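Numbering starts at 1 and runs along the sequence shown. What you see is a predicted model, and the numbers here were worked out from it, not measured in a lab.
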Amino acid sequence: MNQWDIFLAPYKQAIDELKIKLKGIRKQYEREGKSSPIEFVTGRVKPIPSIIEKANQRGIQFDKLSEEMYDIAGLRMMCQFVDDIDIVVELLKNRKDFEVVEERDYIKDTKESGYRSYHVIVKYPIETLDGQRFILAEIQIRTLAMNFWATIEHTLRYKYDGDYPPEIQHRLERAAEAAYLLDEEMSEIREEIKEAQKYYTEQRSELR
């Protein structure tokens, strides 16, 4: 194994374990016949070129990466509704298997670009042959509309190196507003949507 493989192995372990645990929350809701605030969970370890680029931009030395770069291990938790995000944040803060060490609310404090999401930094313990080790991981909690916008913006940011042409910038701003309005409208008919989903699930169960 090379130096990067050795360094990233604990992060991959943390991602694998956290994905199982966070997906398990949704399964618990389903077993109890309750509507889950979590749609799905994804996770990844930051690619090596991205780690190097960010470290160079912020002047982080290699031996300080585990302390000063909190998003090497990253997870996303998708929700249907904005109100679900608060529920998920509280679920995370009440867990005993990791510690929430920082919160960043980009929903109330939307970034200038239009980016909206709720970020939670956790300190997660993993067991290794050398004993217990704590890994920092970033969990992003957002609605499907927020995620769609963020994914497109992320792709365009790489293409234009963050320096968007005015027309693209304008369209991104309009798209961010549209995503916000979509979340607002869906929240207004939340109960109707949840009742319809429950009915659909029951009908599918009867046909099996």
Subject >> Summary of salt bridge (Lys or Arg N to Asp or Glu O under 4.0 Å) pairs that have at least one residue in residues 84-95, sequence neighbours excluded >> reply: Asp84-Arg190, Glu90-Lys93, Lys93-Glu103, Arg95-Asp97
**OP:** For Ser35 and Tyr29, work out which heavy atoms get closest and say how close.
**Re:** O-CD2, 3.4 Å
Original post:
Transitively linked via ILVMFWY side-chain contacts under 4.5 Å: Met69 with Leu136?
Top reply: no
Return all side-chain donor-acceptor pairs below 3.5 angstrom for residues 48-65, not counting sequence neighbours, or 'none' if the list is empty.
residue: Lys54; atom: NZ; partner: Asp71; partner atom: OD1; Å: 3.1
residue: Lys54; atom: NZ; partner: Asp71; partner atom: OD2; Å: 2.8
residue: Asn56; atom: ND2; partner: Ile52; partner atom: O; Å: 3.3

**OP:** Could you walk me through whether Phe134 and Ser66 pass side-chain contact (heavy atoms from CB on, under 4.5 Å), step by step?
**Re:** CA-CA 9 Å; Phe134 289 95; Ser66 59; over 6 Å; no
Original post:
Between the side chains of Glu17 and Tyr124, does any donor sit under 3.5 Å from an acceptor?
Top reply: yes
**OP:** With rounding to the nearest 0.5 Å, note down the distance linking NZ in Lys23 to OG1 in Thr42.
**Re:** 8.5 Å
**OP:** Kindly give the heavy-atom pair with the smallest separation between Met186 and Phe81, and that separation in Å.
**Re:** O-CE2, 3.4 Å
Original post:
How many angstroms lie between atom OG of Ser117 and atom OH of Tyr106, to the nearest 0.5 angstrom?
Top reply: 9.0 Å
Original post:
Which heavy atom of Cys79 sits nearest a heavy atom of Glu39, and at what distance?
Top reply: C-CG, 4.1 Å
Original post:
Hey, quick one: are Ile121 and Met77 part of the same hydrophobic cluster, counting side-chain heavy atoms closer than 4.5 Å, chains of contacts allowed?
Top reply: no
Original post:
Looking only at side chains, do Gln169 and Glu173 share a donor and an acceptor under 3.5 Å apart?
Top reply: yes
Subject >> Name of the residue among Thr143, Asp109, Asp183 meeting side-chain hydrogen bond (donor to acceptor under 3.5 Å, both in side chains) with Arg116 >> reply: Asp183
Original post:
If you group Ile, Leu, Val, Met, Phe, Trp and Tyr by side-chain heavy-atom gaps below 4.5 Å, do Val82 and Trp149 land in one group?
Top reply: no
**OP:** Taking Glu102 for its side chain and His119 for its backbone only, find out whether a donor-acceptor pair lies under 3.5 Å.
**Re:** no
**OP:** Answer with yes or no whether the side chains of Tyr164 and Arg171 bring together a donor and an acceptor at under 3.5 Å.
**Re:** no
